[in-house]
Amino acid sequence: MKRHLLTLAFTIVSILTYGQSIKDLDFLIGTWDIVETIYPGTDKEYQELGVRTCSYYLDDSFIKCESTTIDQRNQRQRTYAYYINYDKKQDVYRATNFANDFPLHGQFEWYLDKENKEIKAITPINVIPDRFFRATIDYNNPEKLVWNGWRSVFKKDKEWVQVFNDVTTKKK
């Protein structure tokens, strides 16, 4: 009984001390159909279709999102995953992603904007030394999340270039 009361007290203190928690990303949980457009609006544009499943992981301290998509040009399968947790000390969500077709691991800081129902993501540690990435996840519609990502090569590019538009629809 004492242990349960101590756990409850710690949880309440954590909620009161920190404004956010991993549970604030609960809208990600579920199974989603994916329509991902790579290089939208360019002559390189193509689509990948697939499924993403997001669930709590490691005693609900992380969210794990695993995706499998099929490249519509050549029917090749691609798999990738995001592992997301909340860093209380830095007051930021940390997302690490892996893909079977890309040897490097992406590391992002996610900032939750509850008022505009959007996550803003940046790469504080660059996966590719001369490139930077940023993204948004719009969750205004809990049944349809829109992920957009951009990159910039600061030695060459003057502007950000959109590299993907990922529209996910929650499966019933």
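One-based numbering along the sequence shown. The shown structure was predicted, so the numbers you read here are calculated from the model rather than taken from an experiment.
- How far OG1 of T68 is from CG of L49: 12.5 Å, rounded to the nearest 0.5 Å.
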### Task
Report the C-alpha distance between K144 and D138 in whole Å, list the side-chain angles of each, state the deciding distance to 0.1 Å, and finish with yes or no for salt bridge (Lys or Arg N to Asp or Glu O under 4.0 Å).
CA-CA 9 Å; K144 182 178 178 180; D138 180 323; over 6 Å; no
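- D71 has no carboxylate O lying under 4.0 Å from a charged side-chain N of R78, or vice versa, which leaves the two without a salt bridge.
- One side chain, D26 or Y56, offers a donor N or O that lies under 3.5 Å from an acceptor on the other.
- The main-chain N or O of V92 is never found under 3.5 Å from a side-chain atom of Q90 such that the two would form a donor-acceptor pair.
- Side-chain atoms of Q47 and T37 form a donor-acceptor pair, as typed in the model, at a separation below 3.5 Å.
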#### Entry: K89 and D87: CA distance, side-chain angles, deciding distance, salt bridge (Lys or Arg N to Asp or Glu O under 4.0 Å) verdict
CA-CA 6 Å; K89 289 182 182 180; D87 181 339; over 6 Å; no
### Query
Hey, mind stepping through Y93 and Y111 against ring pair (Phe, Tyr, Trp, His ring centres under 6.0 Å) and telling me if it holds?
CA-CA 7 Å; Y93 295 92; Y111 297 92; 8.9 Å; no
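- A cation-pi arrangement, defined by a distance under 6.0 Å to the six-membered ring centre and an angle within 45 degrees of its axis, is present between R134 and W150.
- By the 6.0 Å and 45° rule, R151 does not stack over the aromatic ring of F133.
- Between the side chains of N165 and E36, not a single donor N or O lies within less than 3.5 Å of an accepting N or O.
- At least one side-chain heavy atom of D166 sits under 4.5 Å from a side-chain heavy atom of I34.
- The side-chain tip of R94 does not point at the ring of W110 from less than 6.0 angstrom away and within 45° of straight on.
- By the 6.0 Å and 45° rule, K44 stacks over the aromatic ring of Y39.
- Side-chain atoms of Y86 and D91 form a donor-acceptor pair, as typed in the model, at a separation below 3.5 Å.
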